[in-house]
**Q** 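Just passing along the structure, written as structure tokens.
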Amino acid sequence: MTATLKTQAAETAEQHAAFEARIVRGEKIEPGDWMPAEYRRQLIRMISQHAHSEVVGMLPEGEWISRAPSLRRKLILMAKVQDEAGHGQYLYHAAETLGAAREELVDALLSGKAKYSSIFNYPTESWADVGMIGWLVDGAAIKNQTMLAGCSYGPYSRAMVRICSEETFHHKQGKEMIVQYAQGTPEQRALAQDALTRWWWPSVMMLGPHDKDSTNSGVMSNWGIKTKSNDQVRQEYLNEHVPELLELGLTLPDADLHQDADGNWIHGPINWDEFWAVVKGQMGLNKERLATRNAAHDDGAWVREAMLAYGERQRAQAAD
Amino acid sequence: MNGVDVHSAQSQDAQAPDTQWPRWEIFKQDTAGKVHQAVGSVHATDPDHALLTARSVFARRPAAVSLWAVREQDIFSVTREELENGQTLPGHSGEVQSYRIFGKKTHKRSMTFVDELGMLEAACPQAALEAARSQFGDELLAWWVIPVSAFVGSPEDAETVESWFAPAKDKTYKQQSAYGVVGKHVSERNPRVKHD
Amino acid sequence: MTDLTSEQTQALILRLTVLADDELLLSHRDAEWTGHAPILEEDIALANIAQDELGHAMGWLDLRKTLDGSDPDGLAFRRGPDEFRNSALTELPKGDWAFTMVRQYLFDAYEALWQDAAKASTHTPLAQAAALALREERFHLQHTAAWVERLALGTPESERRTRAALQAVWPYALGLFEPLEGEQAGIEAGLLPDPTQIKARWLPLVTAHLTRCGLTPPGAEPVARGTHTEHLALLLAEFQGVNRQYAEMTAW
């Protein structure tokens, strides 16, 4: 804490002005460049939360790999959940370029200190959830990630470029599945509708609190980290997804949903009590998700130790 | 001195309570004839393991034909901003050895950080950097100077190259283009809304 | 291809089913690690192997379809445990990381050698499919051989676990090479490799690597194919559950 304060005190107005001028010029900030301590802190917080979300996000869908009802869907789902591990990997790397150690970030997740996207605390109750997560949850995530691909920090931006291109596969495979089920047998259609009913509001909420209630927005936008507000991104998400879902004859669980004069789809009131309850772990599977991560980490301890011992012995032999 | 990741290098040297293993920067060559580019890093315990891991992480999809791995502490990095502030790389002369030079050329978005520029001989990282600045141009935004001896590379025989990198091309199910008709954009259906 | 006798066709169908069943179940076990591996990079690496094995299984079933018109999904999701032709090696639970890596290593070596031999098959589609799959198996073998070495030579605990895994897996691995009743016609016609010749290459290959790692293959009798453990029915209940629940649905 004192260290942080001291660093901040040492920052001069000239440094800040030069930094902000770089942001205005659209330059990417790179590891090694001067940056305000608060910029670094906010980025590590945001990138690591994002990485944790990918890692925890493997769990609800990963549960269905073993049960996928066709070989093709199984193969696709394996690749998708694998990508989520890959995205976590890219993102931890981006955080590491800011001086964070992956050990510490992972520990913060496992101890429950760090946050991750609460969307992954919702249970996956049927196979169709896999498709709905791909279409809606990944669809919402892509809106956010496309914005972040333009963010001012080079390594985060690069991770996002890569992630967006892979997420597009996730989005499309989910959409393909739901389109097929919505046009399939009555049973398939019912599966799709049930999944939509459960995932619609969580997907709308996952883009974050309304702008008027969002605490970090100002500084994040001034420093080119978030170039659009939560509500802007949410609007893009609605405008893309609502007409396509309606076109399939599916019903959205929002009686107030309507289109305004500009063509924007306007949602009814959001149940933020539910949102915060899930964020705080009072609702949903937060405890179960963390217990699963902890179990995997603990079970893997002997493996990490063994590999390290092997590597150190090999290095010592090479040095002889 | 090492702008890449001083902090994690320290924590790793101090002790390893529950380690995520040492970190290796990975360079990928997309096709024969192109340069290697820094694409990210992996955690691994030894050189062969780092390369095997890099293949799984960075060649799940095309395209790649070669990978290099370097332990993070073997990389000497400096940005243009640091150079303007008078920063230098280690300069105590040792034996002349080969260095690989990488540079970042643009502020534009890209999939990579620094690209391989070439090799040169020098007695220390600082001398290598100075030679690189005159040889490769002084406008670059970031430099990596790495002793050639610090690199390990994926096997170069044709059979292994094919085994590591060719199969990804056939895995069309993980490419978005395999779902082309699904991605019909909404603007065709909802013409009143314009997004930037 | 039109020249195949009925006996030869049956031999091909049998071997393709055996190959597919082994890879389906091994892929299933490997994929159980996705999200639960010892370190993030290995979630990614093992998910690659799981996808490759599933892809191979699908390839073998597609080939079988050209011979008898069978539906790959139908075979995977609608057969009972008594109809599966896999080796019990592939149905055993995933165990710890050492068990998974030792089993995968021994299987990869077998599979790579079988595919290498099958490149010479007189059934051209099989020869082509084997050549494609072999590229991936070469990488798997490098990856799992590296893991076995590191675990065997890591810490006393990892060495103990690796030895235990080898002890448990070895008789099942030997069973991979047991002759299949009904395959002989295919072997004699040059359509299929002879498993005893595959074993003659496999045994020295893996023994040399295990010895380098300080491990000794135990003396044991092979567990023949056709012997299943109680794990298979449980595995299939999970694998086939959703598909069977919606019995009339054919398009997923």
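Lettering of chains follows the sequences in order, A, B, ..., and the numbering in each one begins at 1. In this text the structure is predicted, and so the values were computed from the model without any measurement. Side-chain atoms are counted along with the backbone in the values below, which use heavy atoms only and exclude waters and symmetry mates.
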**Q** I need the minimum non-hydrogen distance between B/Leu52 and C/Ala146, along with the two atoms involved.
**A**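 Smallest heavy-atom distance, with atoms named: CD1-CB, 3.6 Å.
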**Q** If you count the non-hydrogen atoms of other residues, nucleotides and ligands that lie under 6.0 Å from NZ in B/Lys105, is the total more than 12?
**A** no
**Q** For chain B, which of C/Glu137, C/His143, C/Gln51 has the most heavy-atom pairs under 4.5 Å?
**A**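 Most pairs with chain B among the choices: C/Gln51.
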**Q** Between C/Gln142 and B/Trp164, do the side chains contain an N or O donor and an N or O acceptor separated by less than 3.5 Å?
**A** yes
**Q** Taking all non-hydrogen atoms of both residues into account, name the closest pair between C/Phe139 and B/Ser163 and its distance.
**A**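 Closest approach of C/Phe139 to B/Ser163, heavy atoms only: N-OG, 3.2 Å.
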**Q** Atom CD of C/Glu41 and atom CH2 of B/Trp24: how far apart are they, to the nearest 0.5 Å?
**A** 13.0 Å
**Q** Could you tell me whether B/Glu156 atom CD has more than 12 heavy atoms of other residues or ligands within 6.0 Å of it?
**A**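 No.
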**Q** Between C/Ile49, C/Leu132, C/Ile44, C/Leu40, which has the largest tally of heavy atom pairs under 4.5 Å with chain B?
**A**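 Sorted descending by pairs with chain B, the first entry is C/Ile44.
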**Q** For each of B/Arg55, B/Arg60, B/His43, B/Glu162, tally heavy-atom pairs with chain C at distances under 4.5 Å, and name the one with the top tally.
**A**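 Most heavy-atom pairs within the cutoff with chain C belong to B/Arg55.
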**Q** Taking all heavy atoms of B/Pro167 and all of C/Arg135, pick out the closest pair and write down the distance.
**A**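 It is CA-NH2, 3.6 Å.
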**Q** Using a 6.0 Å cut-off, check whether atom CD of B/Glu159 has over 12 heavy atoms from anything other than its own residue.
**A**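 No, because the 6.0 Å sphere around CD of B/Glu159 holds 12 heavy atoms or fewer from other groups.
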**Q** Is the shortest side-chain heavy-atom distance between C/Ile39 and B/Gln20 below 4.5 Å?
**A** yes
